[in-house]
Amino acid sequence: MTHLTVHEWGPTGVHNDTGAAPKNAFTRSQANALLRAARSHTLANQSGNNILVDRYSELRAQQVVGVIAAPGCSLEILPKIDSGVAEGDEAIRTRLMSMLDVALGLKLGDGQALAMARQKETLLDILIRLFTDRLLAEARRGLPRGYMSQEDDLATLRGRLNVIRQFTHHAVRPDRLACRFDTLNPDTPLLRIMKACVLLLRSHARALETQRRLDELRFILADVSDVAIGALPWTQVRIDRTNRRWESLYELAKLFLKREWQRTNHDARAGQGITLLFAMNDLFEAYIAALTRKALLGTDLTVHSQSGLRYCLMEECEGGRPRFQTTPDILIKRNGQVQLVIDTKWKLVGQNPEDKKRGVPQSDVYQMMAYARLYECREVMLLYPHHAGLAADGLKAAYAIMKGDERLRIASVNLTTGKQVVQQQLAELIAPDVAGLEVDA
């Protein structure tokens with residue numbers, strides 16, 4: 001098995017000649033298999049070149065992170081977060097784990113998850129081990145059970161009598177009673193999903209200890225029905241006070257089994273593995289939205305992500321329909337009124353100190369001007385990740401929008417400082433006191 005790691009936009013070598021490839025490169029057949037896996041992922045465009053680009057002598061990653069798996073090989077893609085300090089893959093993987101934890105609501109915490117991320121394991125290995133350890137701990141505490149309706153012929157009455165069956169099948173057998181009753185059974189929709197995840201991960205886990213723990217889980221879940229992944233009862237799962245401690249496990253199972261993030265070839269003969277990918281634009285947006293909610297707890301401001309949905313245009317004809325619907329990344333509201341629109345951009349801006357526009361694309365500015373008009377909001381903000389080319393305190397600028405009283409703010413957040421500091425940065429940016437921002441005429 002060949003396992004390599006690369007960063008966003010980074011290349012990994014491809015050995016196109018016959019013979020064994022060097023340790024830091026894939027063979028051409030492995031590269032082709034990875035390209036096929038990328039094309040079949042739910043995030044891929046028609047050609048898949050928004051995930052991987054084939055340049056013959058190298059594969060170049062695009063703006064996605066995660067793991068692409070193919071027979072005999074896998075490629076881990078880590079985010080390119082420029083902190084100005086040379087960082088190892090372990091540190092970057094730790095930060096990615098923290099972002100996934102916050103953005104997807106996995107509730108991994110800062111202990112075991114981040115400690116494992118510092119080890120020489122891929123993102124997929126870490127997530128498999130986390131799921132396995134947490135599920136095993138909860139299963140040993142006791143499986144959640146649900147009442148299941150059953151029917152049986154018994155010597156004594158249990159539950160209710162099935163009158164029709166009693167007088168048709170047991171008319172001459174008064175010693176047998178047709179009973180209907182409810183029993184507590186672990187064969188619930190939640191545990192069927194857990195078992196499907198265990199069976200999937202068992203065929204892809206690489207660490208021997210993880211395999212051993214998954215085998216123990218298969219034994220514990222022996223009384224739970226086997227259900228094909230395509231037929232899992234997602235809509236029947238109810239998280240309530242009786243099974244609340246299983247909520248984060250349910251979210252992790254969705255990560256492995258549902259198509260929002262992954263593409264899995266379930267043919268064991270193919271040895272395909274699990275491809276688990278995240279678009280960095282979407283991950284950055286979800287991370288910022290989740291931390292913004294925490295930053296504004298206790299205030300009269302509310303956070304709404306991927307909402308708004310107002311249209312830009314209306315057809316000028318009888319019965320004209322609205323066209324070009326907008327979906328701002330984050331709306332900050334007070335009493336239902338939009339106070340601030342935030343659009344997150346996973347781009348490095350402000351790298352050229354002589355560029356008075358700070359490298360902000362003109363299309364981004366037009367987009368924010370439209371949001372200010374459509375949502376009748378005086379404050380709009382473009383939010384970027386901080387990098388070493390910016391001032392130490394980050395990018396902070398404000399512009400008055402011509403022919404109106406709206407203002408566009410441009411800012412950055414430093415992701416290398418940890419989620420608590422990022423949360424504090426967001427609180428300061430969104431607070432109404434904007435003194436100290438640099439204002440350009």
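Start at 1 with the first residue, then count along the sequence.
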Salt-bridged, [X] to [Y], with N to O below 4.0 Å?
X: Arg165; Y: Asp153; value: yes
X: Glu315; Y: Arg321; value: no
X: Arg378; Y: Glu406; value: no
X: Asp240; Y: Arg238; value: no

Gap between atom [atom2] of [Y] and atom [atom1] of [X] - 0.5 Å precision:
X: Thr132; Y: Glu209; atom1: OG1; atom2: CD; result: 10.0 Å
X: Glu8; Y: Trp346; atom1: CD; atom2: CH2; result: 6.0 Å
X: His169; Y: Asn162; atom1: NE2; atom2: CG; result: 9.5 Å

From CA spacing to verdict: side-chain contact (heavy atoms from CB on, under 4.5 Å), Ile410, Met381: CA-CA 6 Å; Ile410 301 174; Met381 180 191 296; over 6 Å; no
Under 3.5 Å, sequence neighbours excluded: what are the donor-acceptor pairs made by side chains of residues 225-234?
residue : atom : partner : partner atom : Å
Ser225  : OG   : Asp187  : OD1          : 3.2
Ser225  : OG   : Asp187  : OD2          : 2.6
Asp226  : OD1  : Lys195  : NZ           : 2.8

Looking at Thr2 and Ala25, what are the two nearest heavy atoms and their distance?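 Minimum heavy-atom contact is CG2-O, 4.1 Å.
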Run through Leu124, Ile128, Asp125 and flag the one making a side chain to side chain contact (heavy atoms under 4.5 Å, CB included) with Arg206.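 Single pass found, and it is Asp125.
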Start with the C-alpha gap between Asp343 and Lys345, add the side-chain angles, then the distance that decides, and say whether salt bridge (Lys or Arg N to Asp or Glu O under 4.0 Å) holds. CA-CA 7 Å; Asp343 216 54; Lys345 304 290 184 182; 2.9 Å; yes
Atom pairs and distances, side-chain donor-acceptor, residues 216-224, under 3.5 Å, sequence neighbours left out:
residue : atom : partner : partner atom : Å
Glu216  : OE1  : Arg140  : NH2          : 3.1
Glu216  : OE2  : Arg140  : NE           : 3.3
Glu216  : OE2  : Arg140  : NH2          : 3.0

